[in-house]
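Report on one structure; see the data block that follows.
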There are 2 protein chains.
Amino acid sequence: MDMKTGESDGVDLGGRVKGLRSRAGLTIKEVAARSGISPSAISKIENNLLSPTYDNIIRLAQGLGIDISELFSATRKQAPHGRRSLTRVGQGDYIRTRAYTLEMLCSDLTAKRMQPMKARLRAHETREFGALVAHAGEEVVLVLKGRVTLLTEFYAPVTLDEGDSVYFDSTMGHALLSAGADDAEIFWVCAADQNLDFAETLPEST
Amino acid sequence: MDMKTGESDGVDLGGRVKGLRSRAGLTIKEVAARSGISPSAISKIENNLLSPTYDNIIRLAQGLGIDISELFSATRKQAPHGRRSLTRVGQGDYIRTRAYTLEMLCSDLTAKRMQPMKARLRAHETREFGALVAHAGEEVVLVLKGRVTLLTEFYAPVTLDEGDSVYFDSTMGHALLSAGADDAEIFWVCAADQNLDFAETLPEST
DNA sequence: AACAATATATTCCTTTAGGAAAACTGCACC
DNA sequence: GGTGCAGTTTTCCTAAAGGAATATATTGTT
């Protein structure tokens, strides 16, 4: 309970680190292993007993899996508070493209980080789909019904069964096909930098 | 010509500081006066003989009249390109908390925008859950099996059936319970400000 | 309750950050 | 070639960073 090192500038580094760490669900020891900093040093940082050096700040951010700016900026952009949107089964907004029938979920909320959808994959052949799609962001897919083939630019095609899930960078060209005789169904979440108020880029273009 | 402190991580902090300083047309002594750091320390920083502490990094940026991110920018990780991670049904990493059994999906990818999970909701009563959880980010939930009650800070409880989905800000206190006699199952995606390599904050705390 | 297991904090010690002042390094002018 | 001078580096020292090991919570288990 002596000097306080980190919060001399009015920024409570220790508290921020502690918050980021618990938010990531990590223990001090795990962060230590992932960052290469000793557990004792991390403990001292969190209690503002120690001001980490440049090198250790970089390592610490790596260990926490965050961007370095998180450890400095008081300039956090204010996220919307307390919104909630419910979509009952079958009650989303339907969009039909060449390869998919999309049901956009929770589309009454704008400026959200993620766009959830359900999709029925109607294409069964690569040529029905056309060129692979690529755009900024990342995607998660869960197979709800049927079997799904995921084509990507840098990987061999892979087939997913019901309950399987996949995560990929959508900067990489990609396409989803039904692998079975019937149309497949998936739950699909896209995240991009900007607010995606609408669907992601759809395969009808090009 | 001994150790090089600042560039151990492949980033030449010294060179960057020197460049920024000359671009601003300042001498070491002037930066020292404006930052409160001694000229000798600044000289050592510019020659990578010394890794400045958190406090001095903040002061240094002030003295140079720049944003802190300028001292790190090369370290900033750009969005990963072309990654893909597949998790077969039941093959995720399991985490058991008081109220949930979580299966973390695609956990081999770090620094992702979203964390997909499957969850089995074991809690059936509010008191089994404890206090509502709140943390940065947004969440999407799709009900896979059973019925689910979503408790939130600013809304009346709502019950979701199979196939229903909901989107909400996780800054608002929230909790998920099974509404039926059996445990319910959901697909769950969390997005936070930065990269979340692991689970979101879990209800066991508090 | 007692115990084990794990997470965090402290202590002790070595290395490094960082300040004050002295010692270079150009570079102008005489 | 000196002499002054502004800018930078080096030296020397102390105060703080940070690691290893130890102690102290804090948590789950029988």
Side-chain angles (χ1 to χ4, degrees), chain A residues 1-9 13-15 17-64 71, chain B residues 1-9 13-15 17-64 71 95-101 122 128 130 198-199 201-206:
Chain A
M1 288 72 181
D2 284 51
M3 284 277 300
K4 311 220 178 155
T5 313
E7 53 187 348
S8 51
D9 296 80
L13 173 67
V17 170
K18 194 174 288 188
L20 289 163
R21 179 171 63 82
S22 70
R23 194 155 299 159
L26 295 167
T27 67
I28 285 186
K29 200 186 286 185
E30 288 171 310
V31 174
R34 293 157 49 99
S35 64
I37 306 173
S38 71
S40 61
I42 294 171
S43 170
K44 289 168 193 167
I45 290 167
E46 289 193 352
N47 292 300
N48 290 316
L49 296 171
L50 175 156
S51 179
T53 59
Y54 183 81
D55 309 81
N56 274 354
I57 289 167
I58 293 172
R59 297 200 192 98
L60 183 60
Q62 283 186 304
L64 289 168
L71 297 175
Chain B
M1 289 71 186
D2 285 52
M3 286 277 300
K4 312 220 179 157
T5 313
E7 54 188 346
S8 53
D9 294 81
L13 173 66
V17 171
K18 196 174 288 190
L20 288 163
R21 179 170 62 83
S22 70
R23 208 177 67 190
L26 295 167
T27 68
I28 287 187
K29 201 183 286 184
E30 287 171 312
V31 174
R34 292 156 50 102
S35 65
I37 307 174
S38 72
S40 62
I42 294 171
S43 170
K44 290 169 194 166
I45 291 166
E46 289 193 352
N47 292 299
N48 290 318
L49 296 170
L50 175 156
S51 179
T53 58
Y54 182 81
D55 310 82
N56 272 356
I57 289 168
I58 293 173
R59 296 198 192 99
L60 183 60
Q62 283 186 304
L64 290 168
L71 297 174
I95 298 178
R96 189 187 166 90
T97 74
R98 183 193 311 278
Y100 309 133
T101 300
R122 298 200 322 280
E128 293 179 69
F198 296 98
T201 307
L202 297 171
E204 55 218 332
S205 48
T206 63

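Naming: A, B, ... by sequence-line order, numbering from 1 per chain. Quantities reported herein were computed from a predicted structural model and do not represent experimental measurements.
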Item to complete: Determine yes or no for a side-chain-to-main-chain donor-acceptor pair under 3.5 angstrom, with B:Arg21 supplying the side chain and B:Leu26 the backbone.
Response: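 Yes: the side chain of B:Arg21 pairs with the backbone of B:Leu26.
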Discussion item. Using modelled atom types and a 3.5 Å cut-off, is there a donor and acceptor pairing between side-chain atoms of B:Ser35 and backbone atoms of B:Arg59?
Written reply: no
Candidates [options] - which lies nearest the side chain of [X]:
{"X": "B:Lys44", "options": "D:dT9, C:dG18, C:dA17", "value": "C:dG18"}
{"X": "B:Thr27", "options": "C:dG18, D:dG18, D:dG7", "value": "D:dG7"}
{"X": "B:Asn56", "options": "D:dA17, C:dA9, C:dG19", "value": "C:dG19"}
{"X": "A:Ser38", "options": "C:dG18, C:dA20, D:dG18", "value": "D:dG18"}

How many whole angstroms separate atom [atom1] of [X] from atom [atom2] of [N]?
{"X": "B:Leu49", "N": "C:dG19", "atom1": "CG", "atom2": "P", "result": "15 Å"}
{"X": "A:Ile42", "N": "D:dA20", "atom1": "CD1", "atom2": "P", "result": "12 Å"}
{"X": "A:Ile45", "N": "D:dA16", "atom1": "CD1", "atom2": "C1'", "result": "13 Å"}
{"X": "B:Leu50", "N": "C:dG19", "atom1": "CG", "atom2": "C1'", "result": "11 Å"}

Worksheet entry | N/O donor-acceptor pair, side chain B:Ser40 with base C:dA20, under 3.5 angstrom |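 Looking at the base of C:dA20, it does pair with a donor or acceptor on the side chain of B:Ser40 (distance under 3.5 Å).
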Discussion item. Judged by each residue's nearest nucleotide on DNA chain D, which is more toward the 5′ side, B:Lys29 or A:Ile37?
Written reply: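 Result of the comparison: B:Lys29.
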Worksheet item: When all nucleic acid strands are considered with a 4.0 Å heavy-atom cut-off, which category describes B:Ser43: base, sugar-phosphate, or nothing?
Response: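 Result for B:Ser43 = base.
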Worksheet item: With a non-hydrogen cut-off below 4.0 angstrom, is A:Pro52 in contact with a base, only sugar-phosphate, or nothing?
Response: sugar-phosphate
Discussion item. To the nearest 10°, give me the bend of the helix from C:dA1-D:dT30 to C:dC30-D:dG1, comparing the axes of its five terminal pairs at either end.
Written reply: 20°
Discussion item. Going by side chain to side chain contact (heavy atoms under 4.5 Å, CB included), B:Asp55 matches just one of B:Ile58, B:Thr53, B:Ile57. Which one?
Written reply: B:Thr53
